[in-house]
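The block underneath contains the structure these notes are about, expressed in structure tokens.
Residue indices begin at 1 and follow the sequence shown. Keep in mind that the numbers below use all heavy atoms, side chains included, and drop hydrogens, waters and symmetry copies.
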Amino acid sequence: MAATGQPGSRPVAVADCGAGLVLMALPSRVGALVAGGGARPSPAIVRLLGARMAAQGALQLVRPSTGTVRMAAVTEALHGSSMVGLAVLSSRYRRPAVASAAVAAASVAAELAALHGRRR
């Protein structure tokens with residue numbers, strides 16, 4: 001792993017990888033947890049989101065550059081925005097969409113903190 005780059009990006013990358021692996025390994029359980037008693041997201045969709053998160057985290061671990069951290073923040077912001085849109089348009093999937101948007105927002109905040117060298 002590179003020793004240069006964004007010093008605070010490693011914990012964020014590890015968290016992304018870990019969360020992605022959990023989503024890929026336990027999509028039905030995660031879907032049930034975020035859905036509460038409502039409609040569960042498809043396990044295939046949960047796995048796909050997990051694969052994206054794991055790949056994004058792995059890329060940051062291998063290449064912890066400013067550009068990679070920015071790309072991760074933009075990717076999370078776009079995902080979060082799409083989930084807000086889904087929450088507005090679909091009462092059926094509102095709860096899972098809001099949960100996913102909240103995770104994306106937290107990830108954006110962590111990415112930006114890493115980008116600016118703040119450790120929390």
Side-chain angles (χ1 to χ4, degrees):
M1 283 179 232
T4 61
Q6 296 299 314
S9 68
R10 184 175 171 81
V12 178
V14 169
D16 278 349
C17 279
L21 292 173
V22 169
L23 291 175
M24 289 190 311
L26 303 167
S28 294
R29 286 187 184 178
V30 172
L33 179 66
V34 299
R40 296 178 183 182
S42 162
I45 298 295
V46 176
R47 276 194 185 102
L48 182 62
L49 175 59
R52 195 266 304 158
M53 289 177 73
Q56 180 176 304
L59 177 61
Q60 278 188 265
L61 285 171
V62 172
R63 190 162 194 258
S65 68
T66 300
T68 304
V69 175
R70 283 185 183 150
M71 177 274 313
V74 167
T75 301
E76 291 295 342
L78 290 171
H79 172 71
S81 297
S82 72
M83 291 297 98
V84 168
L86 179 60
V88 168
L89 296 174
S90 173
S91 60
R92 179 180 173 143
Y93 291 108
R94 184 163 294 138
R95 185 174 165 144
V98 168
S100 190
V103 170
S107 185
V108 169
E111 299 290 357
L112 292 177
L115 193 61
H116 296 290
R118 294 185 201 126
R119 292 195 165 187
R120 296 187 187 252

Co-members of the apolar cluster containing L78 [side chain, <4.5 Å]: V74
Pair listing, side-chain hydrogen bond (donor to acceptor under 3.5 Å, both in side chains) test, anchored in residues 100-114, at least two apart: Q60-E111, H79-S100
Over all atoms of both residues, closest heavy-atom pair of A35 and A39: CB-O, 3.3 Å
Residues clustered with L86, ILVMFWY side-chain links under 4.5 angstrom: M83, Y93
Heavy-atom closest contact (C17 atom, L61 atom, distance): SG-CD1, 4.0 Å
For P96, the option from L33, V30, V34 that meets side chain to side chain contact (heavy atoms under 4.5 Å, CB included): V34
Residue pairs passing the salt bridge (charged side-chain N to carboxylate O under 4.0 Å, His left out) test where at least one lies in residues 13-32, sequence neighbours excluded: none
Joint hydrophobic cluster, L21 plus L26, side-chain heavy atoms closer than 4.5 Å: no
Closest heavy-atom pair and its distance - A54, M24: CB-CE, 4.3 Å
Cluster link L112 to V69, ILVMFWY, side chain under 4.5 Å: yes
Pairwise salt bridge (charged side-chain N to carboxylate O under 4.0 Å, His left out) hits with a residue in residues 39-52, at least two apart: R52-E76
Closest contact, heavy atoms only, V108 versus A77: CG2-N, 3.5 Å
Linked hydrophobic residues, M71 as query - side chain contacts closer than 4.5 Å: L59
